[in-house]
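Okay, structure first, notes after.
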Amino acid sequence: MHVPDGFINAPVSVATGAVAAAAVAVSLRGARRELAGAAQAGGTGAERTAPLAGLVAAFIFAVQMLNFPVAAGTSGHLLGGALAAILVGPYTGVLCVSVVLLMQGVLFADGGLTALGVNITDMAIVTTVVAYALFRGLVKVLPRRRRSITVASFVAALVSVPAAAVAFTALYALGGTADVPIGKVFAAMVGVHVLIGIGEAAITALTVGAVIAVRPDLVHGARGLTAPLELRTSPLAAPDGAPAAAPAGAPAAAPAPADEPVAVPAAASAAAPRRSVRRVWLAGLAAALVCAGGLSYYASASPDGLEKVAHDQGIDAKAKDHATKDSPLADYSVKDITDPRLAGGLAGVLGVGATLAAGTGVFVVLRRRRSAGAGEAAAPAAERPTPEQV
């Protein structure tokens with residue numbers, strides 16, 4: 001659903017650019033809290049949450065290269081808003097998809113540069129907000145089980161795609177450059193994107209389910225699903241600090257039942273060893289490279305939903321050439337390499353690397369700024385004299 005240059009007029013493009021910039025600014029602040037929360041609630045170190053978020057962006061880039069057929073002469077691909085929001089949080093999810101769209105527009109001439117605000121508004125903001133709001137609502141009413149997270153992910157992703165199609169139709173009604181009946185655009189866009197939504201839902205549910213199966217603590221949408229750590233008492237040993245034996249003649253205290261759960265103090269929980277995320281990170285990176293570097297060669301060559309509707313309805317009559325159409329990686333192929341499989345695979349691998357580097361860089365900076373701000377806030381409090389010192 002990448003909107004090219006020329007579909008939307010300049011005033012609406014500028015307005016959506018302002019909306020996208022404001023949303024990204026808000027998401028930058030919100031992502032700091034989400035990344036910090038992941039380090040505290042998920043058990044991963046603060047320095048590890050940023051690479052995981054960057055990996056999500058790279059994975060979405062890779063899977064978007066896998067166009068799947070949805071109807072005669074039409075294909076679809078992952079949008080990724082629902083997947084990103086559920087895995088790393090809605091604010092971080094908006095940034096993940098925005099990084100992907102920026103890389104695609106600049107390096108691969110996919111999605112117009114003047115339409116970048118339209119694409120971020122439609123594919124990053126609308127999909128993420130709609131999907132995460134629906135996901136949270138479903139999680140509240142469904143049983144607290146891992147399967148419920150997967151089911152909620154499926155439904156949220158399914159709805160997010162036609163929601164993006166409705167948003168595009170609204171933007172086209174405001175600033176479309178071709179004289180096309182909006183009713184026909186709405187019917188065509190929603191109809192085909194409901195089918196694409198089924199593929200989006202399947203990919204999202206399978207990915208979320210796979211991560212939950214091995215590390216539910218890494219899924220933002222599954223926080224609180226894992227049972228808290230408990231210690232169980234033994235009838236053969238009294239806990240530290242237990243009272244001495246009762247005096248003669250006094251009734252004896254009832255022994256604690258065997259295997260009675262005892263809450264673990266916060267300090268003890270904090271001291272527990274943290275599980276490494278290296279294997280999950282390597283597995284995700286390998287999956288992204290396989291998708292972009294190998295499986296993308298077998299993706300459907302049919303136009304995606306927006307391209308098909310634009311051609312059939314005459315929306316593309318005012319389309320303009322992309323500003324970076326002569327890029328060495330334009331159209332997801334490496335210039336001057338004649339073998340299409342090698343050219344496409346190499347372009348995909350380079351795209352995964354560039355998106356991973358850009359995404360990780362953004363989130364590392366956010367984590368460091370968050371840590372620095374927390375340290376500065378704590379310093380004045382530490383310098384105040386205690387009552388004993390006074």
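We use all heavy atoms of the structure for the numbers below, so side chains are in, but hydrogens, waters and symmetry mates are not. Worth saying up front: this structure is predicted, and the values here are computed from it rather than measured.
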Applied to residues 102-124, the ring pair (Phe, Tyr, Trp, His ring centres under 6.0 Å) test, sequence neighbours excluded, yields Phe61-Phe108, Phe108-Tyr332
Tell me which pairs pass ring pair (Phe, Tyr, Trp, His ring centres under 6.0 Å) where either residue lies in residues 66-102, with sequence neighbours left out.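 Sorted result for residues 66-102: His2-His77.
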Under 3.5 Å, side chain of [X] to main-chain N/O of [Y], donor-acceptor pair present?
| X | Y | result |
| --- | --- | --- |
| Thr127 | Met123 | yes |
| Glu200 | Leu79 | yes |
| His322 | Gly111 | yes |
| Asn9 | Thr177 | no |
| Asp304 | Glu307 | yes |
| Asp5 | Thr114 | yes |
| Gln104 | Asp110 | no |
| Ser75 | Ser302 | yes |

Under a single-linkage definition using a 4.5 Å side-chain heavy-atom cutoff for Ile, Leu, Val, Met, Phe, Trp and Tyr, are [X] and [Y] assigned to the same hydrophobic cluster?
| X | Y | result |
| --- | --- | --- |
| Val194 | Val161 | no |
| Ile60 | Leu289 | yes |
| Tyr172 | Val14 | no |
| Val130 | Val208 | no |
| Leu174 | Ile125 | yes |

Validation row: [X], [Y] side chains within 4.5 angstrom (heavy atoms):
| X | Y | answer |
| --- | --- | --- |
| Thr324 | Val106 | no |
| Pro4 | Lys320 | no |
| Arg32 | Phe363 | no |
| Asp122 | Thr16 | no |
| Thr207 | Phe59 | yes |
| Val219 | Val88 | no |
| Val277 | Arg215 | yes |
| Pro69 | Thr74 | no |

As an exercise, state the distance from [atom1] of [X] to [atom2] of [Y], rounded to the nearest 0.5 Å.
| X | Y | atom1 | atom2 | value |
| --- | --- | --- | --- | --- |
| Ile8 | Ser13 | CD1 | OG | 6.5 Å |
| Ile196 | Met189 | CD1 | CE | 8.0 Å |
| Gln313 | Leu306 | CD | CG | 11.5 Å |
| Ile120 | Leu102 | CD1 | CG | 7.0 Å |
| Cys96 | Leu101 | SG | CG | 11.5 Å |
| Leu35 | Leu52 | CG | CG | 9.5 Å |

Query raised in the report: Stepwise, does the side-chain contact (heavy atoms from CB on, under 4.5 Å) test hold for Phe7 with Ile315?
Result: CA-CA 7 Å; Phe7 274 26; Ile315 296 176; 3.8 Å; yes
What are the two closest heavy atoms between [X] and [Y], and how far apart are they?
| X | Y | value |
| --- | --- | --- |
| Val24 | Ser98 | CG2-OG, 4.1 Å |
| Arg136 | Gly221 | NH1-O, 3.5 Å |
| Ala165 | Met1 | N-CE, 3.9 Å |
| Ala152 | Val139 | CB-CG2, 4.1 Å |
| Leu78 | Leu83 | CD2-CD2, 4.3 Å |
| Ala358 | Val99 | CB-CG1, 4.1 Å |

- Query: Could you walk me through whether Gln64 and Val100 pass the side-chain contact (heavy atoms from CB on, under 4.5 Å) check?
  - Reply: CA-CA 10 Å; Gln64 281 195 4; Val100 172; 4.0 Å; yes
Residue set satisfying side chain to side chain donor-acceptor pair (under 3.5 Å) with Ser160, at least two apart, ordered chain then number -> none
Note to self: Test of understanding: with side chain to side chain donor-acceptor pair (under 3.5 Å), list the residues that count as partners of Asp321, not counting sequence neighbours.
What the structure shows: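 For Asp321, the residues satisfying side chain to side chain donor-acceptor pair (under 3.5 Å) (neighbours in sequence not counted) are Lys325.
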Check: residues 339-351 side-chain donor-acceptor pairs under 3.5 Å, at least two apart:
from, atom 1, to, atom 2, distance (Å)
Asp339, OD1, Arg341, N, 3.1
Arg341, NH2, Tyr298, OH, 3.3

Sequence neighbours excluded, the answer for salt bridge (Lys or Arg N to Asp or Glu O under 4.0 Å) partners of Asp312 is Lys308
TODO: With side-chain contact (heavy atoms from CB on, under 4.5 Å) as the test, would you mind laying out the steps for Leu329 and Lys335 before giving the verdict?
DONE: CA-CA 6 Å; Leu329 299 176; Lys335 190 177 182 180; over 6 Å; no
